[in-house]
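Just below is one structure, and these are the notes that go with it.
In the text below, chain A, chain B and the rest are named by the order of the sequence lines, each starting its count at 1. Values in this document were obtained by computation on a predicted structure and should not be read as measured data.
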Amino acid sequence: MKAIVFVKEVAETPDGVSVTSDGQLSSGEGGAFLTDPIDPYSIETALQLKDKSGGEVIAITAGEPRAEKILKEALAMGADEAFLVHDEAASGSDPYATARLLAGAAKKSGDYDIIVVGERAADDNSYAIGPALGQHLDIPVLTYVNEVREFDPENKKIRVVRSIDGGSQVVEATLPAVITVVKGIHEPRYPSLMGIRKASKREVPVWSIADIGEEAERVGPSGSPTRMRSFDPPPPPSGCEMIEGTPEEVAEQLVGKIMDKKIL
Amino acid sequence: MAQSIWVIGQRGKSGISRATREILGKANGLAGGDSSAVTGVYCGASADGVADEMAQSGAGSVITMTDPRLETYTADFYVSAISHLAGDRKPDVILIAATADGRELAAALATSFGGGAVQDCTELEWDGDTLLGTRACFGGNRTAVVENCSPGAKVFSVRPNSFPVPDAGGGGVSAEEVAPVLPEGDPRVKVLEFIPDAGGTINLLDADVIVSGGRGLGKAEGFKVIQDLADVLGGAVGASRAVVDSGWIAYPHQVGQTGKTVKPKLYIALGISGAIQHLAGMRTADTIVAVNKDENAPIFNVAHYGIVGDLFEIAPALTAKFREVLQG
Ligand SMILES: Cc1cc2nc3c(=O)[nH]c(=O)nc-3n(C[C@H](O)[C@H](O)[C@H](O)COP(=O)(O)OP(=O)(O)OC[C@H]3O[C@@H](n4cnc5c(N)ncnc54)[C@H](O)[C@@H]3O)c2cc1C
Ligand SMILES: Nc1ncnc2c1ncn2[C@@H]1O[C@H](COP(=O)(O)O)[C@@H](O)[C@H]1O
């Protein structure tokens, strides 16, 4: 069994993040970067599939060289291999250009049974990569997965529970497939000290866009169909009106205001 | 000439979903009231009543594609049907409600056109001939205005509750029926079962009113006062992660960065401190009321109305007063 997990480096806070003239997010160099908080859930999901079915877990990220750090965290948790997709021409890719890079990386890493990604990244929240990968690789996609019920790489079948509007949906698909996971799925394990020590000594191979069979125009800003015009803090709160009195007085006043303003 | 806008129709509990109607109304506004620019597109096993309902919300024409294999949404079949139709008719803009399935469809469809979707928009506006979508990043800590430069149709998904439901009018449009182009054979994804959220039969994402409880409830039984208030308001029950983690209520009720992002008309938070991760899921509610015994609780920074006090005294008083006013 082979599982690929795509992990992403994100800025810890949006404070140092800005938008380039090409309309892409730029994290600058100053701020702190970390593994997207959803990634440990994706890694844990892949590791549990490996615990059951044997095989290997490969962690891949597309990003800057410093993102090697998050791949080492994946290795420390138990991933077997890690690769960094990095190329000057690919910097400033929107999620759809990134999906091309990741699809190229998946093809390069050969016969996989499953690809695990997060439902959405913590920085751009774009809910794009999973469904876009399905199109590029022509394989089924199961989004918003909160439980893997059955995983049978022999017979090329997977059954999962999706967390969707109003309830849960049980769906079955053929493998290989992409799943996007939600944080409800499993508690991620902590890396062992031994794991951390071993991971720190590993070399992380770097793949260029040529290595994964992509072209410069199709990635980076020129290959990015979505462009941000602005990226600002939301408008400040209007100020909170405090309501005082006994519980009955308070209720009287608040309900009055809500009815007067026709909020309901 | 006005740009042609398609709105993909999703079904709700009864008829076309409320989110779809909101978007049809918005599309009509974007077309400057020229409903001939707005087309409702519907895929399903049958399309009874769909044309009228979409027309009543602002569509000037409706296209339906029916086939037993379109009974429940699957990306493969819906993308195939819609992308073939779009290839023939060449709409300028395609709008889809940003439900779980809607976001999946938007991203897959846009990728199939060689472009990308602008997801989860809470506002849409023209800049000249360019449609811009406004959306939240970093869990609501930033707002991005995004242009879609995709070749062909520009796909946007629109977050439910972002626009008012238009008053029903018009109607009387007969649907153009088109035979959907579908892949051969069985779908690669098979939908086996749908299990509605226990307790929360009212969907948090659809609710006009959400009453949420946090650790201030003290124990699971504390949710009684939350439920009572929600019941009288016809609202849904939300929760902070702290109480979900404590097992007082199930995960589908969680609001916040790792739970649901909601935008009701009224959000009442009781005994919730207002951690940044909770705010990420609810700060864009139209009106926020916070009840907390700590006057410095950060929830008051985003609330419109604040009450400092014990929720076990305030909530029942609110329930009683709302009952009196609403049920006379
Ligand atoms: C990666 C990550 C993701 C997270 N995702 C989420 C998420 O999606 N959603 C979420 O909610 N949290 C999330 N959290 C957790 C978040 O940081 C807070 O821990 C959580 O929101 C706190 O919940 P709370 O407000 O119920 O509890 P507390 O912070 O303990 O607040 C309880 C409040 O109740 C008040 N109170 C106590 N008794 C009463 C009373 N009798 N009457 C009135 N007020 C009373 C107290 O003054 C206090 O303000 C996340 C955290 C992390 C690290
Ligand atoms: N640059 C990247 N490298 C690797 N994985 C990524 C990258 N960007 C996004 N992903 C994956 O795609 C998921 C969804 O991201 P998005 O669709 O951009 O919100 C993330 O949780 C990651 O698993």
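- Interface remark: Met228(A) contributes backbone and side-chain atoms alike to the contact with chain B (heavy atom separation under 4.5 Å).
- Counting heavy-atom pairs closer than 4.5 Å to chain B, the top-ranked of the candidates Val171(A), Ile263(A), Val170(A) is Val170(A).
- Of the two parts of Tyr96(A), only the side chain, counted from C-beta on, holds a non-hydrogen atom closer than 4.5 Å to a non-hydrogen atom of chain B.
- Looking at Asp286(B) and Lys263(B), a side-chain N of the basic residue comes within less than 4.0 Å of a carboxylate O on the acidic one, giving a salt bridge.
- In this structure, Asp94(A) contributes its side chain and Thr226(A) its backbone to a donor-acceptor pair below 3.5 Å.
- Between Asp138(A) and Arg188(B), at least one side-chain nitrogen of the basic residue sits less than 4.0 Å from a carboxylate oxygen of the acidic one, meeting the salt-bridge criterion.
- For Ala136(B), the part lying under 4.5 angstrom from a heavy atom of chain A is the backbone only.
- Contact of Ala11(A) with chain B is made through backbone and side chain together, with heavy-atom distances under 4.5 Å.
- For the set Met242(A), Arg100(A), Lys183(A), the count of heavy-atom pairs under 4.5 angstrom toward chain B peaks at Met242(A).
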> Hey, mind stepping through Thr45(A) and Ser42(A) against side chain to side chain contact (heavy atoms under 4.5 Å, CB included) and telling me if it holds?
Replying inline: CA-CA 5 Å; Thr45(A) 302; Ser42(A) 313; 5.6 Å; no

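- With a 4.5 Å cut-off on non-hydrogen atoms, Ala132(A) touches chain B through its backbone and its side chain both.
- Contacts of Tyr144(A) with chain B are made by side-chain atoms alone, with heavy-atom separations under 4.5 Å and no backbone atom involved.
- Contacts from residues 214-224 of chain A to chain B, taken as heavy-atom pairs separated by less than 4.5 Å, involve no residues at all.
- Of the two parts of Ile129(A), neither the backbone nor the side chain holds a non-hydrogen atom closer than 4.5 Å to a non-hydrogen atom of chain B.
- Heavy-atom distances place no part of Ile38(A) under 4.5 Å from chain B, backbone and side chain included.
- Between the side chain of Arg135(B) and the backbone N or O of Asn125(A) there is at least one donor-acceptor pair closer than 3.5 Å.
- Neither the backbone nor the side chain of Asp36(A) comes within contact range of chain B; no heavy atoms are under 4.5 Å apart.
- Both the backbone and the side chain of Ile164(A) come within contact range of chain B, judged by heavy atoms closer than 4.5 Å.
- Side-chain N/O atoms of Arg162(A) and Gln169(A) include a donor and acceptor closer than 3.5 Å.
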> For Tyr127(A) and Glu119(A), what are the C-alpha separation, side-chain angles and deciding distance, and is it a side chain to side chain contact (heavy atoms under 4.5 Å, CB included)?
Replying inline: CA-CA 6 Å; Tyr127(A) 302 97; Glu119(A) 57 158 328; 3.8 Å; yes

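- Between Asp120(B) and Arg120(A) there is no salt bridge, since no side-chain N of the basic residue sits under 4.0 Å from a carboxylate O of the acidic one.
- Contacts with chain B were tallied for Pro225(A), Ala128(A), Gly134(A); Pro225(A) has the most, counting heavy-atom pairs under 4.5 Å.
- Interface residue Leu318(B): backbone and side-chain heavy atoms are both found under 4.5 Å from chain A.
- With a 4.5 angstrom heavy-atom cutoff, Thr180(A) does not touch chain B via any of its atoms.
- Using a 4.5 Å cut-off between heavy atoms, Thr287(B) contacts chain A through its side chain alone, with no backbone atom that close.
- Listed for the Asp124(A) side chain is a donor-acceptor partner under 3.5 Å among the backbone atoms of Ser126(A).
- At a 4.5 Å heavy-atom cutoff, Val19(A) makes no contact with chain B through either its backbone or its side chain.
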